[in-house]
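Contents: one structure, followed by commentary.
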Amino acid sequence: MKDFDRYPKVMKKLLRYIKQDASIDQLEQFKKELDYAIQRRTMIIKKTSQN
């Protein structure tokens, strides 16, 4: 849980929203956006570490 405390406040708010209030359509949209952002960021980090 201590690792979770280091995340930005907005991340904690998003997780609370997902757990408590999000509809199925919102969950699917969040998943799509988060997966894309994580994949893109991972590629950028890997490219910069190779150079």
Side-chain angles (χ1 to χ4, degrees):
M1 191 66 171
K2 287 187 178 187
D3 288 336
F4 184 78
D5 290 338
R6 296 185 337 192
Y7 292 139
K9 190 174 184 176
V10 68
M11 184 69 164
K12 295 174 194 173
K13 286 183 176 184
L14 176 62
L15 288 176
R16 186 210 55 82
Y17 183 77
I18 288 171
K19 289 178 180 176
Q20 296 177 0
D21 298 323
S23 70
I24 191 71
D25 291 335
Q26 290 172 321
L27 291 173
E28 291 172 357
Q29 185 66 32
F30 291 155
K31 181 170 178 19
K32 181 179 171 186
E33 295 291 334
L34 289 171
D35 285 348
Y36 177 74
I38 290 169
Q39 182 181 23
R40 191 166 164 92
R41 179 67 180 149
T42 302
M43 285 180 12
I44 290 170
I45 291 171
K46 285 181 179 177
K47 277 186 179 179
T48 55
S49 67
Q50 289 177 350
N51 295 334

(request) Quick one: list whatever passes side-chain hydrogen bond (donor to acceptor under 3.5 Å, both in side chains) with Q50, sequence neighbours left out. (result) none

(message) Could you work out, with side chain to side chain contact (heavy atoms under 4.5 Å, CB included) as the rule, every residue matching Y7, not counting sequence neighbours?
(response) F4, M11

(request) Output every pair passing salt bridge (charged side-chain N to carboxylate O under 4.0 Å, His left out) with a member in residues 8-28, not counting sequence neighbours, ordered by first then second residue. (result) R16-D21

What donor-acceptor contacts under 3.5 angstrom involve side-chain atoms of residues 33-42, with partners at least two apart or in another chain?
| from | atom 1 | to | atom 2 | distance (Å) |
| --- | --- | --- | --- | --- |
| E33 | OE2 | Q29 | NE2 | 3.1 |
| D35 | OD2 | K31 | NZ | 2.9 |
| T42 | OG1 | I38 | O | 2.7 |

